[in-house]
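Working notes, beginning with the structure itself.
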There are 2 protein chains.
Amino acid sequence: MKNAEMLLREHQIKVTPQRLSIVGELDGHVHMSVEELYEAIKKKFPSISLATVYKNINAMMEKNFILEVKIPNKKSKYELAKASHSHVLCQECGKVEDISLDLHDLTAKAANMTDYKIKEDALILSGVCPACRAS
Amino acid sequence: MKNAEMLLREHQIKVTPQRLSIVGELDGHVHMSVEELYEAIKKKFPSISLATVYKNINAMMEKNFILEVKIPNKKSKYELAKASHSHVLCQECGKVEDISLDLHDLTAKAANMTDYKIKEDALILSGVCPACRAS
DNA sequence: TTAAATGCAAAAAATTTGCAGACGT
DNA sequence: ACGTCTGCAAATTTTTTGCATTTAA
């Protein structure tokens with residue numbers, strides 16, 4: 001990741017320790033739910049309030065600075081915005097990984113079929129990860 | 001759709017008027033949120049309670065009889081389970097349509113890259129529908 | 001200095017639960 | 001008749017809001 005402080009500035013969000021924690025956690029864990037974020041941050045920053053986490057998640061989402069990943073059968077997780085990518089969920093351990101897949105042909109075909117102008121795609125593949133499969 | 005009553009029986013859920021309404025609405029509208037379902041049913045069935053809608057959605061989801069569609073930036077909608085398919089969302093009017101796309105190659109590639117055993121896919125394409133584009 | 005961010009507590013929204021009575025099989 | 005379902009009200013859970021105080025720029 002770049003510098004967390006720079007990232008915030010670029011997105012015209014004021015730099016506060018709370019926000020640096022949020023970015024830091026997301027950078028470390030890649031995908032976290034609101035509650036996971038809150039609990040993680042509280043360890044290093046016990047005074048943070050859940051309301052602040054919510055407010056900042058919403059603020060950062062409005063700036064397209066972080067993204068919500070809506071996961072089947074699970075709570076949403078949040079990630080730092082990066083190049084567009086898809087997600088793979090392990091149904092056993094709940095882990096979510098990024099994967100870079102080319103959806104060009106697929107969205108082109110969809111655009112043809114539906115006559116929509118496609119602007120975004122959200123793909124989540126679910127299955128069993130190698131580690132869980134082994135056990 | 002088949003017969004709503006048959007569908008319920010097949011999935012070993014008792015047939016009640018409330019459940020028939022839910023299935024009927026979903027069959028008619030394809031994708032509805034909890035609140036939309038509740039409001040729609042209340043018109044024909046004023047005594048139904050929101051708790052009943054929730055209980056039944058959950059019961060039907062457990063039987064894999066209806067599915068939750070988690071839509072970016074929107075509330076979840078529910079649909080009757082059918083052959084696996086993807087969704088196209090209009091970001092302007094909020095409409096959701098089904099689309100049948102072949103994700104075989106894509107999931108095969110993903111399986112290779114990640115070494116996951118892929119079992120499900122959830123793809124939502126977002127854009128602008130022809131009607132909204134026109135206006 | 002000043003607008004914006006924080007933390008708290010309270011409010012609102014979304015979902016679940018317990019239970020008495022009604023209903024489906 | 002039996003076990004399940006319904007509707008209600010209450011309880012939980014999740015998210016948002018208002019406001020006094022603090023803080024970043």
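Chain A is the first sequence line, chain B the second, and so forth, proteins listed ahead of strands; every chain is numbered from 1.
The separation between B/Leu50 atom CG and D/dA9 atom C1' is 13 Å, rounded to whole Å. Rounded to an integer number of Å, the gap from A/Tyr38 OH to D/dT15 P is 14 Å. Computed from coordinates, the B/Phe45 CZ to D/dG7 C1' distance equals 11 Å when rounded to whole Å. The interatomic distance linking A/Glu39 (CD) with D/dT14 (P) rounds to 12 Å, in whole Å. The distance from atom CD of A/Glu5 to atom C1' of D/dT23 is 15 Å, rounded to the nearest whole Å. In this structure, B/Leu20 atom CG and D/dT6 atom P are separated by 10 Å, rounded to whole Å.
Of the two residues contacting DNA chain C, namely B/Pro17 and A/Ala51, the nearest-nucleotide position lying further toward the 5' end is that of A/Ala51. Nearer to the 5' terminus of DNA chain C, by closest-nucleotide assignment, is the contact made by A/Asn56 (compared with the other of B/Arg9 and A/Asn56).
Side-chain N/O atoms of B/Ser49 include none lying less than 4.0 angstrom from OP1 or OP2 on D/dC8. Phosphate proximity of D/dT15 to A/Tyr54: present, with a side-chain N or O under 4.0 Å from OP1 or OP2. Listed pair A/Lys75 / D/dT14 meets the phosphate criterion, a side-chain N or O lying under 4.0 Å from OP1 or OP2. Look at B/Gln18 and you'll find a side-chain N or O under 4.0 angstrom from OP1 or OP2 of D/dG7.
In this structure, the side chains of A/Met60 and A/Val23 come closer than 4.5 Å at one or more pairs of heavy atoms.
Note on B/Glu39 versus B/Lys43: no salt bridge recorded, every NZ/NE/NH1/NH2 to OD/OE distance being 4.0 Å or above. A salt bridge links B/Arg133 with A/Asp115: the distance from a Lys NZ or Arg NE/NH1/NH2 to an Asp or Glu carboxylate oxygen falls below 4.0 Å. A salt bridge links A/Lys77 and A/Glu36; the closest N-O separation between the charged side-chain nitrogens and carboxylate oxygens is under 4.0 Å.
Comparing D/dT17, D/dC5, D/dT14 against the side chain of B/Arg19 picks out D/dC5 as the nearest. Side chain of A/Lys14, nearest nucleotide from D/dT15, D/dA24, D/dT16: D/dA24.
Along DNA chain C, the stretch of nucleotides lying under 4.0 Å from any heavy atom of chain B spans, 5' to 3', C/dA14 to C/dT25.
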- Item | side chain to side chain donor-acceptor pair (under 3.5 Å) evaluation trace for B/His11 with B/Asn64 | CA-CA 8 Å; B/His11 290 271; B/Asn64 295 309; over 6 Å; no
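Heavy atoms from other residues, nucleotides or ligands lying under 6.0 Å from NZ of B/Lys117 number 12 at most.
Counting non-hydrogen atoms under 4.0 angstrom, B/Pro46 reaches nothing in the nucleic acid. Counting non-hydrogen atoms under 4.0 angstrom, B/Thr16 reaches the backbone sugars and phosphates but no base.
By the rule that hydrophobic residues join a cluster once side-chain heavy atoms approach within less than 4.5 Å of another member, B/Ile124 and B/Ile99 end up as members of separate clusters.
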